[in-house]
Protein chains: 2
Amino acid sequence: MQEQTETSGEANPGLVSTAIQAITQHIRSQGLAPGDPLPSEAAMTRQLNVSRTVVREAFRSLSAMRLIDMSAGRRATVAKLDTGAMSMVIEHGVTTQQISVQQVYDVRRTIEMRTVALAALRRTDGEAEAIARSARLMRENYRSPEIVMEHDIAFHEAIAAASHNPVFSLIVTAFSGVTRSTWVIGWRTRSSEEDQLKMIQGHEDIADAILKGDPRLAAEHMAQHFDKSVKALIDAGIA
Amino acid sequence: MQEQTETSGEANPGLVSTAIQAITQHIRSQGLAPGDPLPSEAAMTRQLNVSRTVVREAFRSLSAMRLIDMSAGRRATVAKLDTGAMSMVIEHGVTTQQISVQQVYDVRRTIEMRTVALAALRRTDGEAEAIARSARLMRENYRSPEIVMEHDIAFHEAIAAASHNPVFSLIVTAFSGVTRSTWVIGWRTRSSEEDQLKMIQGHEDIADAILKGDPRLAAEHMAQHFDKSVKALIDAGIA
DNA sequence: AATAACAACCTGTCATACAGGTTTTGAGGG
DNA sequence: CCCTCAAAACCTGTATGACAGGTTGTTATT
């Protein structure tokens, strides 16, 4: 019952790619917003005149990139912005050694010097509090590296959120995965307890500057924080 | 012949997600590099004890994110770093109005002020030449907006490449799609021919600073370039 | 009118089939 | 022994049909 190749006169880079484009195009042309439902697989199958297999692989691909949400029984919906795909790309680059950890840190430093300045300017009181709370929890748990790490990551993500630019949040969060796999090394390199507490103090300084609304100072503290972190990683022999 | 739910005692967020994890895990644990082949679908099917459908959707998802390359007859291979997934995420965010064009420009400005400084410090002669060439081609074709745009985009990507940090390249390139859909608006807003030529001059100034190896100057010109671009977009009423 | 059972629809997964690519193998000739 | 080339084995791309289980809307019963 199928005769796909004659329907479209264009090149054939695979039916699935075509289907993916059709779906994103649908989102675009219908002006769909997060939460809005997409056509069912059956409907898409009819519209594109391809098998359900193809349509399904297309939906699944978009779902893997977190552009749409899928769940059994329900139709797929447009997804809220999510870091899923980005972190996978970054992690893929790192694990296949196409990206070094240092390069990631350079990017983070560049971006977070900006997010912290924006946060100082635009943070709400609640956001300032959330940032300060993460710093506080780092100190309170400073004997449990794993816990410190999670609050450290939350700290940076909270700052990105306070920048009120979702693209920054997206990128910063995308790096969290890599951070998780290297953070402990940096922590151990700060051999003395004093060094570790100094690092936590650095976070508190940043939080203070944000609370005070001083972007210059906040950026400076952030820069120092990153310089020390990179130094710790280099000392630990991370290429 | 199937009895999947009893094999693993963990939660079931879908067999496909599990398969995706298994594949990425395979890349990690085997230390695969770009170009290295992955197991065939049949092999994966046996290893995970799921149907080929599931394995295929997993492969296809990774392929959509450009983490692996697939083509008919050949086994999938580990892919070189590619911007595919990232640009889709960004474009999704913009088309669903979760990200504004201005926010994208803020991020670009932040990142490109760094890439341009790094490029000034680390560019090879060939890279400096490529950057300068793009600027030259902008001037030579300044009556054809589409062509100017393509060289403009190539210009920024060439600078990112000259930063010798693939993460910057990745991010800058990811924004190119959005740039393509708004660039012309900014161009038209520069009503006079003089304004347009001044904008091209800005690119040449950047290229010169990179050639001279002056990161400070290069960053300054880049900042001015972005400030003017954003102003042009705002004048055009882009929120 | 509230509720409970049911029907219709939807996604998740499996099995099978076959059309074309690609790689491997092996047989035959030099 | 090596080269060549064709067949075999393997692989991905796509289609079809089937069924389990989740979700939603409808209808019948109370």
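In what follows, every chain begins at residue 1, and chains take the letters A, B, ... in the order their sequences are listed. Predicted model only: the values in this text are computed from it and were never measured. Values below: all heavy atoms of this structure, side chains included; hydrogens, waters and symmetry mates excluded.
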Side chains of residues 64-71 of chain B: which donor-acceptor pairs under 3.5 Å do they make with residues two or more places apart or in other chains?
from, atom 1, to, atom 2, distance (Å)
B:Arg66, NH1, B:Asp82, OD2, 3.4
B:Ser71, OG, B:Arg74, NE, 3.3
B:Ser71, OG, B:Arg74, NH2, 3.4

Please evaluate residues A:Ser169 and A:Glu157 with respect to the criterion side chain to side chain donor-acceptor pair (under 3.5 Å), reporting the C-alpha separation (whole Å), side-chain torsions for both, the decisive distance (0.1 Å), and the verdict. CA-CA 7 Å; A:Ser169 281; A:Glu157 289 182 3; over 6 Å; no
With sequence neighbours excluded, residues passing side-chain hydrogen bond (donor to acceptor under 3.5 Å, both in side chains) with A:Arg180: A:Glu150
How many Å lie between CG on A:Leu15 and P on D:dG13, as a whole number? 11 Å
Below 4.0 angstrom, which residues in residues 65-76 of chain B have at least one non-hydrogen atom near DNA chain D? B:Met70, B:Ser71, B:Ala72, B:Gly73, B:Arg74, B:Arg75
Indicate yes or no for a side-chain donor-acceptor contact from B:Asp152 to the backbone of B:Val148 under 3.5 Å, with no hydrogens or angles considered. no
Inspect the surroundings of CD in A:Gln25 and state if more than 12 heavy atoms from other residues, nucleotides or ligands are less than 6.0 Å away. yes
Sorted by number, residues from residues 20-42 of chain A placing a heavy atom under 4.0 Å from DNA chain D are none
Residue list, side-chain hydrogen bond (donor to acceptor under 3.5 Å, both in side chains) with A:Arg108, at least two apart or on another chain: A:Glu112, A:Thr179
Between P of C:dT11 and CG of A:Leu62, the distance in whole Å: 14 Å
Test of understanding: with salt bridge (charged side-chain N to carboxylate O under 4.0 Å, His left out), list the residues that count as partners of B:Arg52, not counting sequence neighbours. B:Glu41
For nucleotides 17-19 of chain D, give me every protein contact, N/O to N/O, under 3.5 Å, one pair per line with atom names.
from, atom 1, to, atom 2, distance (Å)
D:dA18, N6, A:Arg52, NH1, 3.4

When you get a sec, tell me which of D:dT14, C:dC14, C:dT11 is the closest nucleotide to the side chain of A:Arg56? C:dT11
Would you kindly give the CZ-to-C1' distance between A:Arg60 and C:dT11, to the nearest whole Å? 9 Å
Using five base pairs at each end to define the local axes, how bent is the helix from C:dA1-D:dT30 to C:dG30-D:dC1, to the nearest 10°? 20°
So which of B:Ile159, B:Val167, B:Asn165 actually passes side-chain contact (heavy atoms from CB on, under 4.5 Å) with B:Ser163? B:Asn165
State whether the side chain of B:Gln30 and the backbone N or O of B:Ile27 hold a donor-acceptor pair below 3.5 Å, judged by distance alone. no
Please determine, for the side chain of B:Ser51, which listed nucleotide (C:dA15, C:dG12, D:dT14) has the closest atom? C:dA15
What is the distance from CG of B:Leu48 to P of C:dC14, rounded to the nearest Å? 10 Å
Taking side-chain hydrogen bond (donor to acceptor under 3.5 Å, both in side chains) as the definition, give me every residue that meets it alongside B:Arg136, ordered by chain and number, with sequence neighbours left out. B:Glu129
List the residues meeting side-chain hydrogen bond (donor to acceptor under 3.5 Å, both in side chains) with B:His151, not counting sequence neighbours, and say none if there are none. none
Go through the structure and list residues passing ring pair (Phe, Tyr, Trp, His ring centres under 6.0 Å) with B:Phe155, not counting sequence neighbours. B:His203
Using salt bridge (charged side-chain N to carboxylate O under 4.0 Å, His left out) as the criterion, list what pairs up with A:Glu57, not counting sequence neighbours. B:Arg56, B:Arg60
